[in-house]
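Here is the structure we will look at, set down as structure tokens.
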Amino acid sequence: MDKLEWYLQKWFGYTSFKDGQRDIMEAVLAGKDVVTVLPTGTGKSLCYQLPALVQPGLTVVVSPLLSLMENQVHELKQAGQKRVAAYNSFLTFQEKHYILNHLQSLKILYISPESLQQSMVMKQLKRHHISLLAVDEAHCISQWGHEFRTDYMKIGSVRKEMGQPPCLALTATATADVQRDIIRRLQLSDPAIFYHSVDRANISLEVIQAGLETEKRACLLQEVSRLPIPGIVYTASRRKTETTARLIESETDLAAAAYHGGMSQEDRNLIQQQFLAGDIDVICCTNAFGMGINKPNVRFVIHVDYPKDLESYVQEIGRAGRDGLESCAILLLGDKDGVIPRSIIEQEFPDSRQVREGISFISTEDSALAAEKKLIEIGGYEEQHARFLVHYWQEWHQESGNRDVLEAAAYINEIVERRTMWKLNKLRKMEEWLWNESMCRREKLLHYFEESTGERPQRCCDVCGLPETLPSPATPDRKRIPFNWEEQLRLLFHQEG
Amino acid sequence: MIASFTFRHYIFLLVLRSLEGDRTPSSLFHILTGKKTSQTIQDIKWYRLTEYFRMFPYWDKETFQKDIDMLERAGMYREEEERAYLTLKGKKEIERYFHDYKWPRLYNGWKYSHAAGRFWERLALFIQSLSFSLAKRSFLPVFRDFDTQQWVKQHWPRQLSKKKTIAQKLHEELVMLLRELPEQDALLFTCRLSGHNHSGYTLQQAAQHVEQHDMDELYYRFHAVLHYLLEAGSDLPFLGTFCTDLLSQKILTDSARKTQEYLAQGMSLSDIATIRDLKQSTIEDHVVEIASEEAHFPISLYVPEKVQQAIIRAAQNSTTYRLKVLKEKLEDKSVDYFSIRLTLAYFGGTDGQA
């Protein structure tokens, strides 16, 4: 056992590395810039966590998702690693202060991209030796990615300010042009690139044409009753997660529950806990579910509505079969499904009236933060719209030296149009994949990610033909809370009867 | 039509019965959602409605408007000159609905709703941690916010023997208190707790477990258990540690508290208004709020004793607390609204309420 393995076992309890993890860590520890494209569930986070603990200094991890940060910090703390913290805008002033004043005692600091830009934060970070800057969900930096975030574009300059520490860019899915964008914007020098195929051989791919909504419901019920559990059902709206869960509960013997971003944190934690414990067989959720949740034995992922691009699809179905056992990805395709993803794309950007009004509203504002606040709090703009507007208003203003509202609006509207077209194009690729009936789905998916096909698994896709070899569903062995509250309290507190 | 009315509609009508004709529908909305303004605070004290304060904090303006429209169409409610009235049919409906309703043992929104949420978070997280720790297993915490986690950390028993003692004592205290409650309320409370042998239910899942499907009522009953535990548990050695600091927190709004500090320094109302750059009427609101909370408020500094008595007499002989009506009843026409409000707030708030 060498040093790395010894630490792996000591801190994380694993006895061996997964494919490729070791090479990545060695490159990181050698101080190189690194880009990794690893599907979710392959142990991405370990690639910076372990080096962070081995090396002297502080590792800064940029992560856009609050829940993901919290989960990781929590998992590390549970494993006995207390020198970690998550810094984001949801903390109180005192908590922020506490973290910034205790950086020297930390090994890993998770931080949101917008917090990273605050001068108070940078001032403190500059006082410490940053051994590694890890950028999670790095595809967000690219305008050609499926989740572009303007605040990611500033990470490059932030890195420079930190004294150009080695950088590890991580993403689950990135086409070649996105990879190039990541390298350029993060100013990586001669990076080592690790690319893992998006292909997951143990997940079969199936698209079922379901016609109208009523047929789709019937089809969903049939599938969830047929498949081994547990599983995840993705829908496009919060409301639909609830109606779908109710449908499954009333029409089958399965225990189902809804999960979406509109629920209280307490309820979300409870549902997550129940799903992990096996009390819930089917979780019906929006794409708010899944990030950072590690349940290895998910047997199926069913999409009742299709996502807006193949990148999202691959990420969502990737939550199945992390234990390596056979699992299914099934998408129920209706006749009129195209409307929802189109309206989702449309809502991602401000419309031309919002652009014009928003710009005139903030044109006298010099601070980006103040402008953003003004738009959100007084103008009633959505956060992502406000951020978008402020970013491009500033870009326009800096490049043209001009504060003309109409000209700026024209410039921004053109960007909106271009970005919308780009997204619609990605959506069309998704739809091409869905409606295709002649080419192997796996092969077509890999083509999209510019990969070539390897060996086809036996259970490949509906086009290749799916043999019915799935094990029959096991009867769920569920723990119900007793109806006698005194008995329940006794169990809870470990008291004798 | 009537079938679509739920607990919260009937509670609305019930509260309306106490102040009909005197107040606008939004006054009722503010009471039931728990908006802390001087007006609302006066209302709940004068009309003895402290219990109903903040019963449904999640009620939004839009749904509220829809709800009262529905009640109006059903002939149970009407509005006249922006004031809310209960119809005869509404009165009958309330009597029918609450006729054999088993009220919870205790609910007092004014006194406990500010503490209930945090109290539940501490209790649920502490019990979960203890339960898993004794089973030597790891878990996902039900609450992850900094304050609650810090609190649990500060009160965490390090040694196994200590853990066992606390588990035993806390269990005893809870069983003792919960036995005093209706079976269903105890069940509702316990099924929401998480531990090593099961994950707690969300309120929606609890609805199925206790077979009580009116979510507003369920929310109310659950919080009623918390209020009861806060009241009955605050003197107990173990449960008491979860609540004492929460209960000692002052109920005053921040702004009123600041005014109180200036008053304590002996400043006049107009001085305070100038220094704080606020309207005199705002400062008066604060003083009314303070008077309603402080049994030792020196009211005679502001309203001569004779005037106080005249106001109380006028209020006792009247069916309403509308200021205009009361003012007209007073012989001394120089008595201003502020004196009336202050007197009512002070004496309304000190006879056993809050």
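Each chain gets a letter, A, B and so on, in the order its sequence line appears, and its residues count up from 1. Remember, it's a predicted structure, so these values are computed and weren't measured experimentally.
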Within this structure, what is the [atom1]-[atom2] distance for the pair [X] and [Y], rounded to the nearest 0.5 Å?
{"X": "L489(A)", "Y": "S131(B)", "atom1": "CG", "atom2": "OG", "answer": "10.5 Å"}
{"X": "E183(B)", "Y": "E486(A)", "atom1": "CD", "atom2": "CD", "answer": "7.5 Å"}
{"X": "N269(A)", "Y": "L125(B)", "atom1": "CG", "atom2": "CG", "answer": "10.0 Å"}
{"X": "L140(B)", "Y": "E70(A)", "atom1": "CG", "atom2": "CD", "answer": "11.5 Å"}

For [X], does the [atom1] atom have more than 12 heavy-atom neighbours from other residues, nucleotides or ligands under 6.0 Å away?
{"X": "Q265(A)", "atom1": "CD", "value": "yes"}
{"X": "K162(B)", "atom1": "NZ", "value": "no"}
{"X": "K163(B)", "atom1": "NZ", "value": "yes"}
{"X": "K61(B)", "atom1": "NZ", "value": "yes"}
{"X": "Q104(A)", "atom1": "CD", "value": "yes"}
{"X": "H155(B)", "atom1": "NE2", "value": "yes"}
{"X": "K169(B)", "atom1": "NZ", "value": "no"}
{"X": "F146(B)", "atom1": "CZ", "value": "yes"}

By a 4.5 Å heavy-atom criterion (distance strictly below it), what part of L276(A) contacts chain B: side chain, backbone, both, or neither?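 For L276(A), side-chain heavy atoms alone lie under 4.5 Å from chain B.
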Do [X] and [Y] come within less than 4.5 Å of each other through their side chains, counting heavy atoms only?
{"X": "H74(A)", "Y": "R144(B)", "result": "no"}
{"X": "H494(A)", "Y": "Q168(B)", "result": "no"}
{"X": "L270(A)", "Y": "S194(B)", "result": "yes"}
{"X": "L174(B)", "Y": "F493(A)", "result": "yes"}
{"X": "H198(B)", "Y": "L492(A)", "result": "yes"}

With a 4.5 angstrom heavy-atom cut-off, which part of Q208(B) approaches chain A: side chain, backbone, both or neither?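 Just its side chain gets close to chain A.
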Interface moiety of A124(B) toward chain A, non-hydrogen atoms closer than 4.5 Å: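 Contact with chain A is absent: no heavy atom of A124(B) under 4.5 Å.
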Looking at [X] and [Y], what are the two nearest heavy atoms and their distance?
{"X": "Q488(A)", "Y": "L193(B)", "value": "NE2-O, 4.2 Å"}
{"X": "T202(B)", "Y": "I271(A)", "value": "CG2-CD1, 3.9 Å"}
{"X": "A257(A)", "Y": "Q205(B)", "value": "CB-NE2, 4.3 Å"}

Electrostatic pair R192(B):E266(A) at N-O distance under 4.0 angstrom: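 So R192(B) pairs with E266(A) through a salt bridge.
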Begin with the C-alpha distance, continue with both residues' side-chain angles, and end with the deciding distance and a verdict on side-chain contact (heavy atoms from CB on, under 4.5 Å) for W485(A) and L178(B). CA-CA 9 Å; W485(A) 66 264; L178(B) 292 172; 3.5 Å; yes
Pairs of heavy atoms under 4.5 Å with chain A: top-ranked of L130(B), L170(B), D147(B):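 It is L170(B).
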Under the criterion side-chain contact (heavy atoms from CB on, under 4.5 Å), I'd like the reasoning laid out for Q274(A) against Y201(B): C-alpha separation, chi angles, the key distance, then a yes or no. CA-CA 9 Å; Q274(A) 292 170 12; Y201(B) 285 161; 4.0 Å; yes
Could you tell me whether the side chains of Q273(A) and Q128(B) share a donor-acceptor contact shorter than 3.5 Å? yes
